[in-house]
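Just below is one structure, and these are the notes that go with it.
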Amino acid sequence: DLHIASTVLLMLSTNGLALFMKDLGLIAALGGAILGSALVYIFPALMFIANGRKALKAKADKGENANGLKAEVGANYALLVLGFFLAVVGAVMSLK
């Protein structure tokens, strides 16, 4: 399962780094910056995009107007980009 594999990978990489580093504050800061941005911005946008694409296909099959849903999916793509940008900014600021 992808969820279990990604969770285990994140935990192993974070804890593996913590074993070899003396400054655990850096690990906490990096983890908080990247995973916090993913939790708040990236994952919800990905879930909405996946669900929105299915809904768009269903509306197209029925011949219904989906302009509002298209705008929401587009806004979530923008939110996804913002989330990645903020994760990178947070990680860079943690390393300074």
Side-chain angles (χ1 to χ4, degrees):
D1 185 44
L2 180 61
H3 172 71
I4 293 171
S6 62
T7 302
V8 169
L9 179 66
L10 283 171
M11 291 301 294
L12 285 176
S13 62
T14 304
N15 289 324
L17 283 173
L19 287 173
F20 298 107
M21 297 191 70
K22 293 181 182 183
D23 183 14
L24 295 181
L26 177 63
I27 298 298
L30 278 173
I34 295 169
L35 297 176
S37 181
L39 184 65
V40 173
Y41 296 105
I42 297 170
F43 293 148
L46 285 174
M47 288 185 278
F48 186 88
I49 290 167
N51 193 28
R53 293 174 108 188
K54 290 178 187 175
L56 280 172
K57 186 177 184 312
K59 285 190 178 232
D61 291 343
K62 292 179 184 177
E64 296 177 3
N65 185 4
N67 289 337
L69 186 56
K70 286 179 185 177
E72 282 188 87
V73 170
N76 275 277
Y77 275 112
L79 193 61
L80 188 65
V81 171
L82 175 67
F84 279 112
F85 173 74
L86 291 175
V88 169
V89 168
V92 168
M93 294 305 293
S94 296
L95 294 173
K96 285 189 176 186

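F43 and Y77 end up in the same hydrophobic cluster when Ile, Leu, Val, Met, Phe, Trp and Tyr side chains are linked at under 4.5 Å. A single hydrophobic cluster is not seen to contain both I34 and L86; linkage of ILVMFWY side chains at heavy-atom distances under 4.5 Å, directly or through other members, places them apart. By the rule that hydrophobic residues join a cluster once side-chain heavy atoms approach within less than 4.5 Å of another member, V40 and M93 end up as members of one cluster. Hydrophobic clustering, with ILVMFWY side chains joined whenever heavy atoms are under 4.5 angstrom apart, groups L79 together with V89. Under the 4.5 Å side-chain heavy-atom criterion for ILVMFWY residues, a single connected hydrophobic cluster contains both Y41 and F85.
Expressed to the nearest 0.5 Å, how far CG of L10 lies from CG of N15 amounts to 10.5 Å. From L35, atom CG reaches atom CD1 of I42 across 9.5 Å, with rounding to the nearest 0.5 Å. Atom CG of L2 and atom OG1 of T7 lie 9.0 Å apart (nearest 0.5 Å).
Contact record, A66 with L56: CB-CD2, 3.6 Å, taken as the closest heavy-atom pair. What you find for A45 and L80 is that their closest heavy atoms are CB-N, 4.1 Å. Listed here is the closest heavy atom pair of A91 and A33: N-CB, 3.8 Å. Contact between I49 and V73 at its shortest, heavy atoms only, is CG1-O, 4.3 Å. Nearest heavy-atom pair across P44 and A38 is CD-O, 3.9 Å.
Taking the side chain as every heavy atom from C-beta outward, L95 and V92 never approach each other to under 4.5 Å.
Residues in residues 41-57 take part in these salt bridge (Lys or Arg N to Asp or Glu O under 4.0 Å) pairs, two or more places apart or across chains: K57-D61.
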